Amino acid sequence: MNRDNLPIEHFFFTEPNLEKILENLDVVRQQIHPVIPDEELNVEQNFPSVCLVGLGRCGSNIALEVATLVYNARTSYLHEVEYHEKQTQESDLKSLNWIRKKFSIDKKSSSTPLFLIEPIVMLGDLDKDIEGRIRFSSQTGRAQFLEAYRKLQIMDLSEVHAGGAGNAPILGQYLAKIILNKDTSSFRNDSWRHMHSYLVDSCGIKANQSRLYFYIFSAGGGTGSGMASEFGLAQQFSYLSKTFDYRAELNKAVDKRHSFVFEPIFTSGICILPNISGKDIDISEALHINAGRLLTKYVSEEWDFSYNEERDNDEDPENVMQRIRPWNSMMLISNDIMRYAEEEDGNDVEDIDVNTMEKYANQYISQQIFNILTAQAVTTDYDEDYFRRAGIDIAETIRLDANDLFMSLAGPVAVAYAESVVRKKGPMSEVDIDDLFCRSIELPHFNDDTSAIEGISVLPVESDRYRNCIQDFRKSQYDSSKLNNLHFFKNCSSIVSIISVPRDFKLSFTAMNRLKVQLNRLFPNTTLKRYALVIGASANLSLTTLIAKSPCLSDDFLTLMVSYMKRCFARDEYRYNDDIDKAIIGFIQSDVFNEEEVEKYFLEYENPAKILDTNWYAIKPMYEKKYRELIEDSERFVSINDIRLDMKNVKNAIKYLREIYRHRISKTNMLSLN
């Protein structure tokens, strides 16, 4: 696509020189892979198939938690390998020494034999002290972990902005736009140029083997909520630009094996929603408005990209580039998880401190990412002897690659999770699949046997009503005829179930079939169901189910969206009553959508001053001056006004909700000529 004809909202910089991209990738490759002195091992290392991008304080903490989980898993595995080798008195320790050299991990005892791939983990924040916050943490073993986990990379963006976004997503988005629109060669920090080539410039080419990207952030803040979607858009823009560029680079002396080929990448936002319900929660707080803005923006973009039949020309690349959305899907995890878990455990949520609450929430999210990673891991992500030493038959593993997730998951996605302890040599019948499935969709709660947090990540309906629904589900011997009538389950378009089992446990056909029966009953109108079986990556039997699209019809999702629309879009006469609440429900449910009726309630553009009060009018010119100073090309200037959401976003979001609300599939009838 011609760079001179970029749509005004997308001036993202992409390195046009493939040789420079490859040089930058080599630098990143050397940083994440330790130098191995053995000559026979000096071959070009592949990038991991997965990258985690943690943005903002919350997102970077969670990404760091996942990296720590992965590090501990590998350490446990290496310790077990060493123990068994000593037991059997093997004389040839070459492979073990190779593993130690490759991953720079020392020996440490652990009783839980786990193993997982090591993803690249990129941490970014508008706070200039992000590196100090991570490196000088007093957490046990943090310094050793940071030294050993070479795939952890910190994005220092302080030369563009060293403060923060002031809890305003539009400022976080604008600052991210400055960072991503600025030519990387003009940054004083060389490492940003290298990381930009990995994350943005090279996605989809053969030289970069990473195919799955997960952006982790808090929806209620300013930095993560604003930056994440902009970083996702820049990556999608670069990838799709290559997709629509049909010209062959015939005159360039570049190794054609490294040129762009059409290989799908799957990107997902992992979005942490703020506490929504509770006796001390006021739904008009800024963090709820911020989350509502993100959700409105995302589903509006998803509608425009995937459903909008009014667009002019699908074949016109410029038209497509104007409609891009930041991720293929966005996983939703509510911070209310910990409140429900404490209540289910018989405790008072007021007795748990903020740090402990955040730690538990991070644990829940890390568990989900852990399972998603194992479900798609390719054999090259593991060391060469892992499967043989672990006694795992790779032929028994059913994995999901980037294209499977790309085709199966779109739009908002919720997570259901549960796990069970199994005896190492016990019979298959000891695992109650029905109970495991039920626990995965319950209100969040602690598993006393495994210390894991189980349950669903976003509640389909209000908590007391949902608790009663689950109780009825259990009492009726898992009859889902009432439960599957909730929009959350009834209108789901696709599900992906990931079953992870210990290496010495065989999942019976009967158990697997029983799980499929439960899923078919609970999701009666779901078109696409995918399953992954991961062997040997978990000490317990665990079930992760990803529920696509229908979560946008949950109470929490709708409440956040409407609270944002009322606060930042509503005309004065409708800001202080429930007319808009009723109108949005009516727009979704009515057979015909009268778009002109929307204009009666809302102004043309969002008003950020409704969150920032009078500060907004002082902030706006200050940030636009920063843009002009850092990006001197006046033709590439973008005003903050240009990135405001408008009434079209509100209409598109309503259209998306209407589409999902009406989701049905027709049952296939058997036809016969006899």
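Side-chain atoms are counted along with the backbone in the values below, which use heavy atoms only and exclude waters and symmetry mates. None of these values were measured; they are calculated from a predicted model.
A heavy-atom distance below 4.5 Å is found between the side chains of I178 and K626. In this structure, F13 and K182 have side chains that are not in contact, with every pair of non-hydrogen atoms separated by 4.5 Å or more. Between N24 and R193, some side-chain heavy-atom pair lies under the 4.5 Å cut-off. No side-chain heavy atom of I265 sits less than 4.5 Å from a side-chain heavy atom of L212. Using a 4.5 Å cut-off on side-chain heavy atoms (C-beta onward), M331 and L546 make contact. Looking at heavy atoms from C-beta onward, F217 lies in side-chain contact with C271 at the 4.5 angstrom threshold. Between Q173 and M227, every side-chain heavy-atom pair lies at or beyond the 4.5 Å cut-off. Counting heavy atoms from C-beta outward, I495 and R530 have side chains that stay 4.5 Å or more apart.
Once rounded to the nearest 0.5 Å, the distance linking CZ of F231 with CE of M122 reads 8.0 Å. Taken from CG in L18 to CD1 in I205, the straight-line distance is 5.5 Å, to the nearest 0.5 Å. The CD1 atom of I270 sits 6.0 Å away from the CD1 atom of I333 when rounded to the nearest 0.5 Å. Between the CD1 atom of I631 and the CZ atom of F637 there is a distance of 10.0 Å, given to the nearest 0.5 Å. With rounding to the nearest 0.5 angstrom, the NE2 atom of H196 is 6.0 Å from the OG1 atom of T14. Here CD1 of I272 is found 7.5 Å from CD1 of I216. Values are rounded to the nearest 0.5 Å.
Counted within 6.0 Å of NZ on K20, heavy atoms from surrounding residues, nucleotides or ligands total 12 or fewer; the atom is thus considered open.
Judged by the 6.0 Å and 45° rule, R211 forms no cation-pi pair with F266.
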Discussion item. Run the side chain to side chain contact (heavy atoms under 4.5 Å, CB included) test on E19 and L22 for me, step by step, so that the C-alpha distance in whole Å, both residues' side-chain angles and the decisive distance to 0.1 Å come before the verdict.
Written reply: CA-CA 5 Å; E19 289 181 339; L22 296 178; 5.6 Å; no
Item to complete: Go through the steps for S229 and Y215 under the test side chain to side chain contact (heavy atoms under 4.5 Å, CB included), then give the verdict.
Response: CA-CA 9 Å; S229 65; Y215 293 78; over 6 Å; no
Worksheet item: Checking side chain to side chain contact (heavy atoms under 4.5 Å, CB included) for the pair T223/D125: CA distance, chi angles, key distance, verdict?
Response: CA-CA 7 Å; T223 300; D125 197 353; 3.3 Å; yes
Fill in: Test log, rule ring pair (Phe, Tyr, Trp, His ring centres under 6.0 Å), inputs Y627 and Y174
CA-CA 9 Å; Y627 192 111; Y174 193 65; 5.7 Å; yes
Worksheet entry | Working for side chain to side chain contact (heavy atoms under 4.5 Å, CB included), residues K177 and V638 | CA-CA 9 Å; K177 193 171 281 292; V638 177; 3.9 Å; yes
Worksheet item: Can you list the steps and then say if S329 with S268 is a side chain to side chain donor-acceptor pair (under 3.5 Å)?
Response: CA-CA 5 Å; S329 73; S268 178; 3.3 Å; yes
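Shown here for S225 and A219, the closest heavy-atom pair between the two residues is OG-O, 3.1 Å. A pairwise comparison of heavy atoms in N328 and T267 identifies OD1-N, 2.7 Å as the closest pair. Residues V28 and M195 share a closest heavy-atom pair of CG2-N, 4.3 Å. Pairing each heavy atom of I179 with each of F187, the nearest pair is O-CZ, 3.7 Å. Contact record, S197 with S202: O-OG, 2.7 Å, taken as the closest heavy-atom pair. For S238 against C203, the heavy-atom pair with the smallest separation is OG-SG, 4.4 Å.
A donor-acceptor contact shorter than 3.5 Å links the side chain of Q235 to the backbone of L199. With hydrogens and angles disregarded, no donor-acceptor distance shorter than 3.5 Å links the side chain of N208 to the backbone of L25. No donor-acceptor pair under 3.5 Å is formed between the side chain of R325 and the backbone N or O of Q236. Looking only at distances, no side-chain donor or acceptor of E159 sits under 3.5 Å from a matching main-chain atom of D156. For S186 (side chain) and D183 (main-chain N/O), a donor-acceptor pair under 3.5 Å exists by modelled atom type.
Under a 4.0 Å N-O distance rule, the pair E301/K297 qualifies as a salt bridge.
Judged by distance alone, the side chains of S542 and N540 never bring a donor and an acceptor atom under 3.5 Å apart. Inspection of the S497 and T545 side chains reveals an N or O donor paired with an N or O acceptor under 3.5 Å.
Aromatic pair Y213/W327: centroids not less than 6.0 angstrom apart. Centroid-to-centroid, the aromatic rings of F47 and Y198 come within less than 6.0 Å.
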